There are 2 protein chains.
Amino acid sequence: MDDAREFDVVVLGAGAVGENVADRASRTGLDVAVVEGALVGGECSYWACMPSKALLRPGDALAAARAVPGADTAVTGPVDVSAVLARRDEVAAHWDDAGQVAWVEGAGLTLLRGHARFAGPRRLVVTTSDGDVTVTARRAVVVATGSVAAVPAALRDVRPWTSREATSAHVVPRRLAVVGGGVVATEMATAFADLGAEVTVLVRGDRLLPSAEPFAGEAVLRSLVDRGVRVSLGAQVTSASRDDDGVHLVVERVTGDDDGVGAAAPETLTVDEVLAATGRLPATEDLGLEALGLRPGDALPVDDALAVRGVDGGWLFAAGDVTGRTATTHQGKYDARVVGDVVAARFDPRPTTDVDDAAVAGGEPLSRAAEAEAGDWSRYRATADHAAVPQVVFTRPQVAWVGRTQAQARDAGLDVAVVGYELGDLAGATVTAADYRGRVQIVVDRARDVVVGATFVGPDVADMLHAATVAVVGEVPLSRLWHAVPSYPTLSEVWLRLLETAGR
Amino acid sequence: MDDAREFDVVVLGAGAVGENVADRASRTGLDVAVVEGALVGGECSYWACMPSKALLRPGDALAAARAVPGADTAVTGPVDVSAVLARRDEVAAHWDDAGQVAWVEGAGLTLLRGHARFAGPRRLVVTTSDGDVTVTARRAVVVATGSVAAVPAALRDVRPWTSREATSAHVVPRRLAVVGGGVVATEMATAFADLGAEVTVLVRGDRLLPSAEPFAGEAVLRSLVDRGVRVSLGAQVTSASRDDDGVHLVVERVTGDDDGVGAAAPETLTVDEVLAATGRLPATEDLGLEALGLRPGDALPVDDALAVRGVDGGWLFAAGDVTGRTATTHQGKYDARVVGDVVAARFDPRPTTDVDDAAVAGGEPLSRAAEAEAGDWSRYRATADHAAVPQVVFTRPQVAWVGRTQAQARDAGLDVAVVGYELGDLAGATVTAADYRGRVQIVVDRARDVVVGATFVGPDVADMLHAATVAVVGEVPLSRLWHAVPSYPTLSEVWLRLLETAGR
């Protein structure tokens, strides 16, 4: 390998975000390299979204069938654990990235296998299996290295599972403790309960899914408890040890307004494995950020064109988890599309006269002029990051939300109307299951008569969310939504009920 | 009972449409009566949407579970026929309308049990079990009597099942012939195949679901055939007889451009029951329409405020199937809301000075002035009937569409782009089932950059439709939809793929 290479654009990280950045940045003819030290395809493909959903779907499908009179008696067993794990292995491509590598190369991008560190502005040293290579970016560098699991100090010595080990597990622990109450914690508690583990969830806070509306976490909590999962709120692991009997966790009660650990006697919980699901940290620890005057380990703060703030010269961009702005694959990919288009337009290598009306192969024109003038909701600005970030949690019930919660909307100074409806009261619920339970709530900005947030809780609501996302992003007034007729008897009829409840 | 009664408004028919008309018309204080000779709640509750979905859901839930590795082996039987029928009985409220009657009375409406015939403008004779009552509407009459199954002449003598007998059946015929290829035909073929019947579908035309995009009917046809249903296209029943061996159908081939019956030798098909699913007729045969100068049996043509055209005085309205404008419960209810609000505003009994700013209890102001000025997309105009009518067919795969098909858009003179994507290529499909097959297609009006039609085909797509309905009704440009991020890995990610395919 040459020990010095040059590209127009260098993208750090070949997860879903990095791949999308690179693909779109190359659309005006820029020469783009992607640097990846681990598997091409990233966290989501191998250790997060995909394998976790593969673990959850079989239990979900059986639960749905069991809830239908006339179908229930045909379901005679639990999930087949080895078949579930085998399917998960397939969905994770057996942790082999050959298919993804082929896609990168087919897209005309250069893949550099190695770990990149900044040596200075637009200059990187990539450590490969063949030695170090100095890589210079003529135009731009985009950091898309993602995030890593945060492991609490009390658990570090016992080498706990993180989301990686949980989603790729080949053995189901008999007793599993899950530390945390967010998306990873609730999804993995659900999955491992399906797989037969005795699951205990230890949550420091006073509810599950704290970033969602409170009724969402309450529904998931009730359902976990109904299925035999122990959920302990206000519980903090203060120390841990591992021996031949398993992992011993010392758990204390969190009490008082100061979140201090209380005076009640600590309890010891012994399990076979413990999953640390206590959040994520931007993967910037070992990128040589100090060479740019930035602090390793910090998120990279960006503007709406995904340019990193506080770095001169306009050459450094970031997208995805590393920005601290988004924490999901889909929103990271959205940012990736924006920054890819920004880079493609700002550094368009074609003569200016050719550009403005030029349709890029397979796409719309990318225009320097349009980029320079780009306002909110243009393809060059990640406006939805502020207004319409969706999230789906594949628990049972599923939880899906977009935009602002009631509390967030009020904190933003909006005069809001909050309208909710029980999904179980719909005709569509009656035919879906004997005892369908769920709830939808929308948050309406009264001044503009538009939906600014929506939360769906219930079986199979994941794909109901997008109607809300379109309404929020499209700023479609309620008076117009009144004409968007949901089909009878689907669960989407909840929209009619919400609008009726709102006083249409 | 008095033999003469007067109300401000008389609504004929207490199905879902009539109930909604009456409820909303009463919101400004009008005195409203509803006349119903059969069960309050109507066709949909007892003999259509609800029982049909109850018959289909168990098979659907088992098929979904069987498609998931790790869940498939836990499904050991077919549906339990008697449990399915028992659940269907519950969903149809055992054909007892006490709950619906209580709702009507609780809403402050007067229920007249009997059959109404016009005796002249605003004057009806209602035949009740206690004799005839003359009913006068001071302000308006709204006809919402729905539709009845059309039975082809060749089948009349054998008293075939219609949708009513099929959805309320208490015995599953060993051999069932379904005549027709539309929504009722395909749904009931699917349901009775689940219940163990040997089903033959006889379709005069050359495809199933002729009002949908062709790929929808093709997918349903393939699936029916794969599950052992015989589907015969271009097949017309020319005569039929019934004896102790069952029903004998003489089936001839439809050939040639003139749809004539061909020269090939007719075949005889013997079955235990035959379902006539060949469309519906407006229920206007026995309403005394001749007293108004209208022809019995015809649909009642209406304007966008649902006023019947060709009747003087502005007192006659119609909504639902009877108008020939819509054929679904949900769109009929939409029209019902519009006509209810129009009647409530036009005939508002309150002094004019109180009206314009008056908030009606539980609702927005209904305003005479606003009604008079109402344009498209106001609450007083059924604009969506022309642009955004949704339909969901609960076959396997499900079929859902809204707005214009490709052919309809072109016939309307639009310059359209048609963009399709295979659902099976999505990450979300991979985790939903081992071999998920489906397709989504959108029709885009290039001039306005908006979606004017969308079709979804695949398992569980019913609730994906509403996102398209909101986009069509909201006229949200593709450039804005680009910011409506679908969550990964849901099936809704198809929106991203469609927009990418469209060249975003």
Side-chain angles (χ1 to χ4, degrees), chain A residues 49-50 53-54 57-58 61-62 64-65 68-71 73-80 83-84 87 91 329-331 334 362-364 377 379 383-384 390 392 427 430-432 462-467 469-471 473-474 476 480 482-492 495 503-504, chain B residues 49-50 53-54 57-58 61-62 64-65 68-71 73-80 83-84 87 91 329-331 334 362-364 377 379 383-384 390 392 427 430-432 462-467 469-471 473-474 476 480 482-492 495 503-504:
Chain A
C49 335
M50 292 299 287
K53 266 79 258 177
R57 172 67 184 151
L62 291 184
V68 184
T73 51
V75 180
T76 54
V79 300
D80 175 336
V84 173
R87 175 63 181 166
V91 164
T329 294
H330 47 265
Q331 205 67 18
Y334 167 76
E364 291 281 294
W377 303 116
R379 68 187 304 151
T383 311
V392 175
T430 308
V431 290
T432 300
D463 280 304
M464 293 182 70
L465 182 64
H466 201 58
T469 307
V470 172
V473 167
V476 184
R480 181 64 73 93
W482 187 237
H483 296 267
V485 177
S487 289
Y488 189 87
T490 62
L491 293 174
S492 299
W495 282 97
R504 289 290 132 187
Chain B
C49 334
M50 291 300 285
K53 267 79 260 177
R57 173 66 184 150
L62 291 184
V68 183
T73 51
V75 181
T76 53
V79 300
D80 176 335
V84 173
R87 176 63 182 166
V91 164
T329 293
H330 48 266
Q331 205 67 19
Y334 168 76
E364 291 282 293
W377 302 117
R379 68 187 305 150
T383 311
V392 175
T430 309
V431 290
T432 300
D463 279 305
M464 294 182 68
L465 182 64
H466 201 59
T469 306
V470 172
V473 167
V476 184
R480 182 64 74 94
W482 187 237
H483 296 267
V485 177
S487 288
Y488 188 87
T490 63
L491 293 174
S492 300
W495 283 97
R504 290 289 134 190

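Quick caveat, the model's predicted, so the values are computed rather than measured. Letters A, B, ... are given to chains in the order of the sequence lines, protein chains preceding strands, and every chain is numbered from 1.
When heavy atoms are compared at a cutoff of 4.5 Å, B:Val68 approaches chain A solely by way of its side chain, counted from C-beta outward. Looking at B:Val476, only its side chain comes within 4.5 Å of chain A, counting heavy atoms on both sides. Looking at B:Leu491, both its backbone and its side chain come within 4.5 Å of chain A, counting heavy atoms on both sides. Proximity to chain A involves both the backbone and the side chain of B:Arg480, based on heavy atoms less than 4.5 angstrom apart.
Considering all non-hydrogen atoms of both residues, A:Ala74 and B:Pro78 come closest at CB-O, 3.5 Å. For the pair A:Thr432 and B:Arg57, the tightest heavy-atom approach, listed with the atom from each and the gap, is O-NE, 2.8 Å. Heavy-atom minimum distance, A:Pro58 versus B:Ala71: O-CB, 3.7 Å.
Put simply, the side chain of A:His330 never gets that close to the backbone of B:Ser487: no donor and acceptor are under 3.5 Å apart. A donor-acceptor contact shorter than 3.5 Å links the side chain of B:His483 to the backbone of A:Trp377.
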Exercise. Given the rule in the side chain to side chain contact (heavy atoms under 4.5 Å, CB included) test, do A:Arg87 and B:Thr430 qualify, once you have shown the distances and angles that lead to the verdict?
Worked result: CA-CA 10 Å; A:Arg87 175 63 181 166; B:Thr430 309; 3.8 Å; yes
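The candidate with the highest count of non-hydrogen atom pairs below 4.5 Å against chain A, out of B:Asp463, B:Val431, B:Val392, is B:Asp463. Of all the listed residues (B:Ala61, B:Ala484, B:Gly77, B:Pro489), the one sharing the greatest number of non-hydrogen pairs under 4.5 Å with chain A is B:Ala484. Annotation: maximal heavy-atom pairing with chain A below 4.5 Å, among B:Ala471, B:Ala462, B:Pro390, B:Ala83, occurs at B:Pro390. Most heavy-atom pairs under 4.5 Å with chain A: of the set B:Thr73, B:Thr490, B:Leu465, this distinction falls to B:Thr490. Of the listed residues A:Val79, A:Thr76, A:Thr383, the one with more heavy-atom pairs under 4.5 angstrom with chain B than any other is A:Thr76.
How far OH of B:Tyr488 is from NZ of A:Lys53: 10.0 Å, rounded to the nearest 0.5 Å.
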